[in-house]
> 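Can you keep this structure in mind? I'll have questions shortly.
Proteins come first, then strands; the chains are lettered A, B, ... in the order of their sequence lines, and each starts at number 1.
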2 protein chains.
Amino acid sequence: MALQTQTVQQTSQTLKLLGDYNRLRMMQFIYERECCVCELVELINLSQPAISQHLRKLRDGGLVMEQRKGSWVFYRMNEDHTTFNLMKEILQSLPSVQSELDELEQDGLNVICHK
Amino acid sequence: MALQTQTVQQTSQTLKLLGDYNRLRMMQFIYERECCVCELVELINLSQPAISQHLRKLRDGGLVMEQRKGSWVFYRMNEDHTTFNLMKEILQSLPSVQSELDELEQDGLNVICHK
DNA sequence: CCCTTATATAAGTTAATACTTATATGATTG
DNA sequence: CAATCATATAAGTATTAACTTATATAAGGG
């Protein structure tokens, strides 16, 4: 693991994207499980457009992939990205966000989609 | 390794610092061996003030430590930083810069200090 | 002591970034 | 198809960031 090398440019771009507090938080959740926008809006203390704009940056950088399911758009990690293993290392070094996801469920604010 | 967790804020700050291409390059060299400013000026395609300003950011962020030796100031990794292990993982995932350091020596541009 | 070398800081400029509010698009449902 | 919910985009703003040039500081060597 983490033994393949990737370009410095690619890596610095990934790190720049993860180097924003709110985006890093978003990635923590998306790493735990795929999330839709409205869930992230609940989980992160930011407006919906702000979340949307961050997600676009993450998608443009290739870090996440989007998938529309009905009216929701779900985002998940892009496991094919060059820096995926590195991202895993980074996200694993952080405290778990599981409890926050649990709380979201308890509040009935998680989205269940059968598409 | 990488099993201790650190705060998201601390990590995002480190990643922001490493998320700049030129700073990441600088850290690659400093990780390989301690470097003085004039060496980094040779190794990186940036002006001396630009290098100096980046180094100050890295120092303010606690990522590196400085030590004056005569007229030179050497910078080395701060092994006590909370994110040191994570930084190691990141830097190890990048292609080696050893050949560039070798070339510096061959050109007689490396600094040998006996203090 | 000057003079040079090494490094840091100051000040200014340009561009990028992270938001905000307002609005548009897109899908679902009654 | 009108109303609603979910999401994206547009436009504007304030802050930050990464440089540049010029100058200051600091150490070392005739």
> Under the side chain to side chain contact (heavy atoms under 4.5 Å, CB included) test against A:Leu40, which residue among A:Gln48, A:His54, A:Met26 passes?
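When side chain to side chain contact (heavy atoms under 4.5 Å, CB included) is applied between A:Leu40 and each of A:Gln48, A:His54, A:Met26, only A:Met26 qualifies.
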> Pull out every residue in residues 38-56 of chain A that has a heavy atom closer than 4.0 Å to any atom of DNA chain D, ordered by number, or say none.
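Under 4.0 Å from DNA chain D: A:Cys38, A:Gln48, A:Pro49, A:Ser52, A:Gln53, A:Arg56.
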> Ignoring backbone atoms, test whether A:Lys57 places a side-chain nitrogen or oxygen under 4.0 Å from the OP1 or OP2 oxygen of C:dA18.
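Yes, because at least one side-chain N or O of A:Lys57 sits under 4.0 Å from OP1 or OP2 of C:dA18.
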> Need one value for A:Tyr75: base, sugar-phosphate or nothing, where a base atom within 4.0 Å counts as base even if backbone is also close, heavy atoms only.
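Counting heavy atoms under 4.0 Å across all strands, the contact made by A:Tyr75 is with sugar-phosphate only.
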> Using whole Å, what does the distance between atom P of nucleotide C:dA18 and atom CE of A:Met26 come to?
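Answer to the nearest Å: 12 Å.
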> Measure the OG1-NZ distance between B:Thr14 and B:Lys16 for me, rounded to the nearest 0.5 Å.
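Result: 11.5 Å between the selected atoms.
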> Considering every strand and a 4.0 Å limit on heavy-atom distances, what is the contact class for A:Arg59: base, sugar-phosphate, or nothing?
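No contact at all - A:Arg59 keeps every heavy atom at 4.0 Å or more from the nucleic acid.
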> So which of A:Met27, A:Gln13, A:Gln28 actually passes side chain to side chain contact (heavy atoms under 4.5 Å, CB included) with A:Leu18?
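For A:Leu18, the side chain to side chain contact (heavy atoms under 4.5 Å, CB included) test succeeds with only one of A:Met27, A:Gln13, A:Gln28, which is A:Met27.
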> With a 4.5 Å heavy-atom cut-off, do A:Leu104 and A:Glu42 have their side chains touching?
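In contact.
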> Show every side chain to side chain donor-acceptor pair (under 3.5 Å) that has at least one partner inside residues 101-111 of chain B, sequence neighbours left out.
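Applying side chain to side chain donor-acceptor pair (under 3.5 Å) to every pair that reaches into residues 101-111 of chain B, excluding sequence neighbours, yields B:Gln98-B:Asp102.
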> State plainly whether one hydrophobic cluster holds both A:Ile30 and A:Phe74, where clusters connect Ile, Leu, Val, Met, Phe, Trp and Tyr through side-chain heavy atoms under 4.5 angstrom apart.
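Hydrophobic grouping puts A:Ile30 apart from A:Phe74.
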> For A:His81, which of A:Thr83, A:Asn85, A:Asn78 qualifies under side-chain hydrogen bond (donor to acceptor under 3.5 Å, both in side chains)?
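Testing each of A:Thr83, A:Asn85, A:Asn78 against A:His81, the sole residue satisfying side-chain hydrogen bond (donor to acceptor under 3.5 Å, both in side chains) is A:Thr83.
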> Under the side-chain contact (heavy atoms from CB on, under 4.5 Å) rule, what do A:Leu94 and A:Leu24 come out as? Steps first, then yes or no, please.
CA-CA 10 Å; A:Leu94 296 173; A:Leu24 185 57; 4.0 Å; yes
> Taking any atom under 4.0 angstrom from a heavy atom of chain B, which nucleotides of DNA chain D are the first and last to qualify, 5' to 3'?
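Taking any atom under 4.0 Å from a heavy atom of chain B, the span is D:dA17 to D:dG28.
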> Send over the distance from A:Arg25 CZ to C:dA18 C1', rounded to a whole Å.
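Whole-Å distance recorded here is 17 Å.
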> Output the rounded distance in Å from CG (A:Leu24) to P (C:dA18).
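It is 13 Å, rounded to the nearest whole Å.
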